[in-house]
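Worksheet for the structure shown next.
So you know, we letter chains A, B, ... as the sequences are listed, proteins then strands, and number each from 1. Keep in mind that the numbers below use all heavy atoms, side chains included, and drop hydrogens, waters and symmetry copies.
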Amino acid sequence: MPELPEVETMVRGIRDALTGAVLVDVAPGESRCRPICMEPDFKTIRKICRNQQVTGVRRRAKRIVIDLENSHSFVIEPRMTGLMLTQDPPTRDHLRFQWILEYMGKRASVWFWDQRGLGTLRLVSREQLAEMFAPDRLGPDALEMTVEECRERFRQTQRAVKVALLDQKVVAGIGNLYASEILHRAGIHPVRPANTLSLVKIRRLHAATAEILTEAIRYEGSTLSDGTYRNALNHDGSYQNQHRVYAKAGSRCPSCGRGTIERIVQAQRSTFYCARCQK
DNA sequence: CCCCAGTCCTGCGGGC
DNA sequence: TGCCCGCAGGACTGGG
């Protein structure tokens, strides 16, 4: 499930193939399944982007942004199972989109592959892009948020801190897996109302967010047992070996060595925590 | 403001 | 062994 570290890894993996290259063409993939959400339609996308130079590739929260010289940008949301690949995809039947590039006379391709097809692909103008990423629709990036922003944002809601962490308007980039890992690192109980966190806890939450996400990027993200997430070269990430609580219900807490990892459900999602470490 | 259930989707694993 | 069901969840929507 691509969250910030997985999307960052994808962006780093495809950046060299795209930046500075000319997008000579695009192709709709070979999927025989229901088409993914694509806006505008493929023909219009092709008309706008053909023969444009790619000026940059970046990440915004859990989205991949590919900028073109005509000030349009592709915005890709991988959601659950979307992947950006420079190598041949795992299977050809879930291919959703192909960018065909030329740089110094050499051809290359980047693919969007998505098993479940919940991902989205849009080509937007600069104005539409600004609208998508407006502050009232997307909070600060989890890796760029300051302690002051963190305090201010969590003070404004009495929702459980875990639920607030998943709200992309509060802070952008964290999903279900890293929310549990971050709260465990910070020593904060997931059901605690966000606005009751002391300044000390806010500082710990802020530091744990940066630490966990930075570490996960270093390990190129988490590939779970469902096996769908992979980097641009179609290799597994390895941060799953560093998980301390996620999907570990019933096992001993690796931090205190005495507590047992519990599983609860919040906002219809699983939360994992150690009641001894997290107060 | 906040919560909940439902929606999209595929693959996998538990239970019978 | 095979089949059905439930579960996984990111973002969004509609109702309370």
Side-chain angles (χ1 to χ4, degrees), chain A residues 1-10 29-39 59-65 75-84 89-97 112-122 124 128 131-134 136-139 141-142 152-183 190-196 213 216 221-230 236 240 243 245-250 263-272:
Chain A
M1 65 193 81
E3 304 181 29
L4 187 153
E6 289 77 23
V7 176
E8 180 63 29
T9 304
M10 291 179 202
E30 301 181 9
S31 173
R32 272 163 274 116
C33 347
R34 169 197 148 275
I36 56 159
C37 169
M38 193 182 292
E39 283 175 8
R59 179 188 61 76
R60 181 71 177 95
K62 301 178 196 173
R63 286 154 211 195
I64 297 136
V65 181
V75 179
I76 300 108
E77 253 186 70
R79 301 263 177 113
M80 295 303 296
T81 54
L83 298 180
M84 295 293 278
T91 58
R92 301 201 66 84
D93 52 347
H94 297 300
L95 270 180
R96 309 292 181 165
F97 201 84
F112 181 55
W113 180 91
D114 188 359
Q115 183 180 80
R116 291 185 212 173
L118 298 178
T120 67
L121 184 147
R122 289 173 226 272
V124 299
Q128 291 173 304
E131 216 170 284
M132 282 179 85
F133 296 153
D136 63 324
R137 297 188 64 178
L138 207 56
D141 193 272
E152 200 49 45
R153 290 177 166 268
F154 283 85
R155 203 167 62 178
Q156 284 173 18
T157 177
Q158 54 184 349
R159 281 181 290 169
V161 60
K162 158 69 161 33
V163 177
L165 267 178
L166 290 180
D167 185 341
Q168 303 300 298
K169 292 193 191 79
V170 174
V171 51
I174 299 166
N176 203 45
L177 191 163
Y178 292 104
S180 283
E181 293 295 327
I182 287 167
L183 290 173
V191 306
R192 179 192 261 272
N195 62 357
T196 66
L213 297 178
S222 302
T223 299
L224 301 181
S225 52
D226 69 6
T228 47
Y229 166 71
R230 300 217 163 56
D236 285 4
Q240 66 278 7
H243 293 174
V245 290
Y246 183 77
K248 293 190 183 294
R263 174 185 178 272
I264 55 171
V265 175
Q266 295 177 279
Q268 294 99 250
R269 319 247 169 111
S270 294
T271 302
F272 300 91

Tell me, do A:Lys62 and A:Pro2 make a side-chain contact under 4.5 Å, heavy atoms counted? no
Please produce a list of atom pairs where a protein N or O lies less than 3.5 Å from an N or O of nucleotides 11-15 of chain C.
residue	atom	partner	partner atom	Å
C:dA11	OP2	A:Lys62	NZ	3.0

Distance check needed: [N] [atom2] versus [X] [atom1], whole Å only.
{"X": "A:Asp114", "N": "B:dC8", "atom1": "CG", "atom2": "P", "answer": "16 Å"}
{"X": "A:Tyr229", "N": "C:dG9", "atom1": "OH", "atom2": "C1'", "answer": "17 Å"}
{"X": "A:Phe272", "N": "C:dC7", "atom1": "CZ", "atom2": "P", "answer": "13 Å"}
{"X": "A:Trp113", "N": "B:dG11", "atom1": "CH2", "atom2": "C1'", "answer": "10 Å"}
{"X": "A:Arg96", "N": "B:dC8", "atom1": "CZ", "atom2": "P", "answer": "15 Å"}
{"X": "A:Asp136", "N": "B:dC1", "atom1": "CG", "atom2": "P", "answer": "12 Å"}

Heavy-atom closest contact ([X] atom, [Y] atom, distance):
{"X": "A:Leu166", "Y": "A:Asn176", "value": "CD2-N, 3.5 Å"}
{"X": "A:Ala160", "Y": "A:Val191", "value": "CB-O, 3.8 Å"}
{"X": "A:Ser222", "Y": "A:His243", "value": "OG-NE2, 2.8 Å"}
{"X": "A:Thr120", "Y": "A:Arg79", "value": "CG2-NH2, 3.9 Å"}
{"X": "A:Val245", "Y": "A:Ser180", "value": "CG2-O, 3.6 Å"}

Can you tell me if the side-chain N/O atoms of A:Tyr178 get under 4.0 Å from OP1 or OP2 in C:dG10? no
Apply side chain to side chain donor-acceptor pair (under 3.5 Å) to the pair A:Ser270 and A:Arg263, showing each step before the final yes or no. CA-CA 7 Å; A:Ser270 294; A:Arg263 174 185 178 272; 2.9 Å; yes
All N/O pairs under 3.5 Å across the protein-nucleotides 2-7 of chain B interface:
residue	atom	partner	partner atom	Å
B:dC2	OP1	A:Thr157	OG1	2.8
B:dA5	N7	A:Gln268	NE2	3.0

Identify whether any heavy atom of A:Arg263 sits under 4.0 Å from a base atom; if not, whether one sits that close to sugar-phosphate; answer base, sugar-phosphate or nothing. sugar-phosphate
Just checking A:Ser270: base, sugar-phosphate only, or nothing, at a heavy-atom cut-off of under 4.0 Å? sugar-phosphate
Please determine whether side chain to side chain donor-acceptor pair (under 3.5 Å) holds for the pair A:Glu6 and A:Tyr178, giving the CA-CA distance in whole Å, both sets of side-chain angles, and the decisive distance to 0.1 Å. CA-CA 11 Å; A:Glu6 289 77 23; A:Tyr178 292 104; 2.7 Å; yes
Do the side chains of A:Arg59 and A:Asp141 get close enough for a salt bridge, i.e. N-O under 4.0 angstrom? yes
